[in-house]
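What follows is a single structure, written as structure tokens, with notes after it.
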Amino acid sequence: MKNRVPDILKGNKFGIEEIATLLKAEGEDRTILFGESARIKHEHSGNKVYYRGLIEFSNICDKNCYYCGIRRDNKNVERYNLTNKEILDAALYAFENNYGSIVLQSGELSNSRFTSRITSLLTEIKKLSDGKLGITISLGEQTEDVYREWFDAGAHRYLLRIEASNPALYAKLHPDDELHNYHRRLECLNLLQKIGYQTGTGVMIGLPFQTYEDLAGDLLFMKNFDIDMVGMGPYIEHANTPLIEYKSELLPIEARFDLSLKMIAVLRVLMKDINIAASTALQAIDPMGREKAVKIGANVIMPNITPGIYRDSYNLYENKPRTIDADDDCKECLEARLKMVDAEPGYGEWGDAEHYFKRRQK
Ligand code: 5AD
Ligand code: SF4
């Protein structure tokens, strides 16, 4: 039979059809896929997992994505915005605990008060860590000047998920206006690469209307874009969003989880030297979700270091790990869980993707 999983993995043709077949692997084929992705990961980054202490510093957002719980029109969210001191304290915590890097993330705003605040925070964080703490930012679509200003202030990695690389699917997930334009998003990814950021993207998996071919296209998009890092995870419905209307059409949550693992595994086969994050959404479905992803190909974890009192309010989706479970991310807890999958934290390292340096030499 043509197109069997072992044959595809042995070959070097990864088109939409082959990738879709891999994403549908079950039983023994699934085990073979996961075995291969785990092998490749080990060959390239051993059993190290790099940490990015995640600071979700504000849930205020100007945008209205149909899937997201903190979208502008959701009036049932208590909005928060950490003080600079709270943010710097969290960064210091990451530095003192040898996390190596942090991620600054928030809802999307582009006013100049916001953008200059970020610039000074970046400068302060570099100062408090003597330049040693790596900084990834995930602050949405901005102008080229703003991206440059933040890069010059010390951010060296940027995450901007394309969310869905098929423009027709993208259009079903976002309002049709200037703020939610697929081409503008692509342009931003291009700018980030041009400026010199290690550039990350990602998608949601198990969205309404999404097909296996869409997901295969997402993985090819990442490969063709020569992306350095990827963070992708299951779509988890949120009651106070327009997309809840399609709840009955979704795959069961366990299937979305499994499909997310397969997406990570296939991406690892396609892109051996990039950084792949085990997304928080995996943990919302299964307490060992991120570790399961590490086992089959992910090499980055973003422990949540947002001060506990705010965590309940950053609800992009429901069932997000809550304050009571916040200790899941305590240093010893995470270490112990990683040990269960034979992985260990790469303390004190930036953990940059090999791919970035190779790409820059081209
Ligand atoms: N389920 C899963 N992920 C979501 N995100 C937003 N809403 C959801 C949801 N309902 C993701 C988007 C965004 C990232 C910050 O969170 O991919 O880029
Ligand atoms: Fe805002 Fe991001 Fe949520 Fe869209 S996904 S509404 S930009 S926080």
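Both counts, for ligands and for their atoms, begin at 1 and track the order of listing.
Relative ring orientation between W350 and H156 is described as tilted, the plane-to-plane angle lying within the 30° to 60° band.
Remark: atom 8 (S) of ligand 2 lies closer than 4.0 Å to at least one protein heavy atom.
Of all atoms in ligand 2, numbered sequentially from 1 with element shown, those under 4.0 Å from a heavy atom of Y67 are 5 (S). Taking every non-hydrogen atom of Y235 and a distance limit under 4.0 Å, the qualifying atoms of ligand 1 come out as 1 (N), 2 (C), 9 (C), 10 (N). Interface atoms of ligand 2 facing C61, defined by a heavy-atom separation under 4.0 Å, are 1 (Fe), 6 (S), 7 (S), 8 (S). Listed by number with element, the atoms of ligand 1 under 4.0 Å from a non-hydrogen atom of Q105 are 15 (C). Residue-ligand proximity, E163 to ligand 1, at heavy-atom distances under 4.0 Å covers atoms 12 (C), 13 (C), 17 (O), 18 (O).
The residue from R71, E237, E56, M204 that puts a heavy atom closest to atom 3 (N) of ligand 1 is M204. Across the listed options A281, G231, P234, P234 owns the non-hydrogen atom lying nearest to atom 2 (C) of ligand 1. Relative to atom 9 (C) of ligand 1, the option among I236, V203, I162, I244 with the closest non-hydrogen atom is I236. Summarising the contacts of atom 4 (Fe) of ligand 2 with G107, C65, G140, the nearest heavy atom is found in C65.
Residue-environment remark: NZ (K41) exceeds the threshold of 12 foreign heavy atoms within 6.0 Å.
The nearest protein atom to atom 11 (C) of ligand 1, hydrogens excluded, is given as R161 NH1, 3.6 Å; this is a heavy-atom distance.
Between L243 and P208, some side-chain heavy-atom pair lies under the 4.5 Å cut-off.
Aromatic ring centres of Y235 and Y317: separated by at least 6.0 Å. In this structure, the ring of Y67 has its center less than 6.0 angstrom from the ring center of H174.
Distances from ligand 1 to the non-hydrogen atoms of H238 include no value under 4.0 Å.
Taken together, the cysteine pair C333 and C330 places its SG atoms within less than 2.5 Å of each other.
Of the N and O atoms on the side chains of H44 and N299, not one donor lies less than 3.5 Å from an acceptor on the other residue.
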